[in-house]
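When reading the values below, keep in mind they use all heavy atoms of this one structure, side chains included, and skip hydrogens, waters and symmetry mates. In what follows, chains are A, B, ... by sequence order, proteins preceding strands, each numbered from 1. Here the structure is a predicted model, which is why all the values come from computation and not from measurement.
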Amino acid sequence: MKDIKAMWTGRVLSVLENMAGTAGIDSKGFSKSLSVGKPPDSNMGDLSYPLFPFAKDFKKAPPALAGEIAGELGGEEAGVSVAGPYLNIRIDRAAAISRLLENIESFGDKWGSGDELTGRKVMVEFSSPNTNKPLHLGHLRNDILGESCARIIASRGADVQKVNLVNDRGVHICKSMLAYQKFGNGESPESLGVKSDRFVGDLYVKFSQWAKEDKSADGQAQTMLQAWEAGDEEVRKLWLTMNNWALDGINATYERTGVSFDRIYRESETYLMGKDEVLKGLDSGVLYKDKDGSVRIDMEDIGLDTKVLLRSDGTSVYITQDLGTAISRHEEWPFDQLIYVVGSEQEYHFRVLFYTLQKLGFPWADKLRHLSYGMVNLPEGRMKSREGTVVDADDLIDRLSSLALKEIKEKGRENDVDDAPATAEKIAVAALHYFLLQVSPTKDMIFNPEESLAFNGNTGPYLQYMVARVSGLIAKAPEAVRSAAVNPALLDRRDEWDLTRLISEFPELVSRAAEKLDPSILAAGLYEIAREFSRYYHDVPIAKAENPELAASRMALAGAVLTTLKSGFRLLNIPYIESM
RNA sequence: GCCCCGGUAGCUCAGCUGGAUAGAGCAACUGCCUCCUAAGCAGUAGGUCAGCCGUUCGAAUCGGCUCCGGGGUACCA
């Protein structure tokens, strides 16, 4: 599709330039002014060239220009038509359909992939949970964005490493530990039958309640942190136990949602990194020691204030560690890009981090990128852990899953699906992921619990439903249709052409999503294909077409739809189900 | 105060490298299951694209100002 577009643009441009030549008009800026669009309706053609920009040069009205160019290009017979000031091109459809079917055949599952990122090493950091509580809705957005971007980039050829920096140390971790010592009664997740990360999270909540009554609580947590840093055996032992509880639970949630990592970093192992680098920067004069004793960077160059990189007591702050980990990651695996999937509230942090690395003389500092995404809010406003409005990840998926199961039963489809509970779970994950990916990453979004539980309309389950229908269609195709020859020329309906176009453009869509790190582009594209197919499926007999040849040809198109949707599902981490 | 992001239908969101009547879904109303899965399809209704000014043949899209909302501006992460 892309090459056809380029070919036509070239032809239109050269006609314009020739016309300018004979009229003695300067055509230098022409290639810049010539833009390609799409007519509002595919009946009008497939490419459109507005001619307004050339009216002044030629001293002719755009429609007249369009007429002249159309004549030069061969007119209606060549697929060139004039609609007012627009020159519309209708491309050779039978040939395009034919080529699409061949392409789909040869790409198979890899339809949508490409190679413009081949040879690039890209590290994607996302999730970054704390080991004092279970994952919540905010993490789910982060996880699916990271996972999906990683898959999209990989499909365009990049060598991708997904990494997770687990925040497993600090005062907040000590708080749940302290609560366990005080109120845990020696219980365990097993003894209470509670998911292990929830068990730890409940203790964290317990601490907060206790701290409200007892002013010494925070001090005690601080003391425990010191003991932890000093390597106190007992504290370390408890820490290990509770961290494992938290991580086991968190991993179970990752497994549920299909999120995975190639490498896990733990802050307990990295939190001392970076200090040396800061001291080196101090020696070289890039950084300075403030009169209060802290080591700082001055960011006046970029219109920012100063930032502390080492406390006056010589200890590290969060950013010190980030400096260190970035440096060691680049040493271990010299990436061409490192993408941090982190909420927009940390934009300032990353500006400082990137600037500091650049000042410290690391030439790869410009390869760092913060994929900043908006917050997930509730209709009533921000989620607040203190008010208990934080939406727990497992709870949410549980609710979605049981609703989906109810739906399967109500529709009497229990016997048609493989395994009803498993199918329900896949529907739940699809609903969730699609809901979160639909919105542009940069934007804040509102999570309305009721609406998000819907399975109708523009939702993940709708997409799954279309896939299930095509799967069924193909699985049930009679032998006569299977063995009949495919003839692309028979696919001459307008809806067939519209589908062809959408499917043909899919690889370009993936490419754009990769470039912009925006899976919502893909989500929108998949919905469009599903909707177009749904209409087609409703209006046109496919397997039951009037003759086997036509049926086979339509089946081939349906197969192309299936391949495309399945491929898109993988990229968006939406589970595929054959029957629902 | 300063910096960043947003303001499009009642609600949730697309569209924003300027181009032909601004699109979906939900909610409302109306039709369609002897016909490949009705988690579907079709239709009706719903919009000063926050406001003003500017650039342009042409602005939801670009620029400026104003208003409203969110985030940030820690020796927290």
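- Among the atoms of the strands shown, base atoms are found under 4.0 Å from some heavy atom of A/Gln346.
- Put simply, A/Arg351 has no side-chain N or O that comes within less than 4.0 Å of OP1 or OP2 on B/rC3.
- A/Tyr537 has a side-chain polar atom (N or O) that falls below the 4.0 Å cut-off from OP1 or OP2 of B/rU37.
- Among the protein residues, A/Ile408 comes within range of the nucleic acid bases, having at least one heavy atom under 4.0 Å from a base atom.
- Within 6.0 Å of atom CG in A/Asp418, 12 or fewer heavy atoms from other residues, nucleotides or ligands are found, so the atom counts as exposed in its surroundings.
- Note on A/Tyr462: a side-chain N or O is less than 4.0 Å away from OP1 or OP2 of B/rC41.
- OP1 or OP2 of B/rA39 sits under 4.0 Å from a side-chain N or O of A/Tyr465.
- For B/rC41, the OP1/OP2 oxygens have a side-chain nitrogen or oxygen of A/Ser534 closer than 4.0 Å.
- Using a 4.0 Å cut-off, some side-chain N or O of A/Ser440 falls inside it from OP1 or OP2 of B/rA14.
- OP1 or OP2 of B/rG25 has not a single side-chain nitrogen or oxygen of A/Arg531 nearer than 4.0 Å.
- Using a 3.5 Å distance cut-off with no hydrogens or angles, the side chains of A/Tyr576 and A/Gln464 do not pair a donor with an acceptor.
- In this model, the phosphate group of B/rU12 is not approached by any side-chain N or O of A/Lys443 to a distance below 4.0 Å at OP1 or OP2.
- When heavy atoms are screened at a 4.0 angstrom cut-off, A/Ala55 is found touching no nucleic acid atom at all.
- By the 30° and 60° cut-offs, the orientation of the rings of A/Trp228 relative to A/Trp239 is perpendicular.
- Between A/Arg535 and B/rA42, a side-chain N or O to OP1/OP2 separation shorter than 4.0 Å is present.
- Residue contacts shown for A/Asp313 are absent, as no nucleic acid heavy atom lies under 4.0 Å away.
- Between A/Arg469 and B/rA39 there is no side-chain N or O to OP1 or OP2 distance below 4.0 Å.
- Comparing B/rG23 with B/rC16, their C1' atoms are spaced 14 Å from each other, to the whole Å.
- Between the base of B/rA38 and the side chain of A/Asn456 there is no donor-acceptor pair shorter than 3.5 Å.
- Between A/Lys56 and B/rC57, a side-chain N or O to OP1/OP2 separation shorter than 4.0 Å is present.
- Ring geometry, A/Phe54 versus A/Phe30: the interplanar angle exceeds 60°, so the pair is classed perpendicular (tilted spans 30 to 60°).
- At the heavy-atom level, A/Pro39 lies under 4.0 Å from base atoms of the strands shown.
- Within the 4.0 Å cut-off from OP1 or OP2 of B/rU37, at least one side-chain nitrogen or oxygen of A/Lys476 is found.
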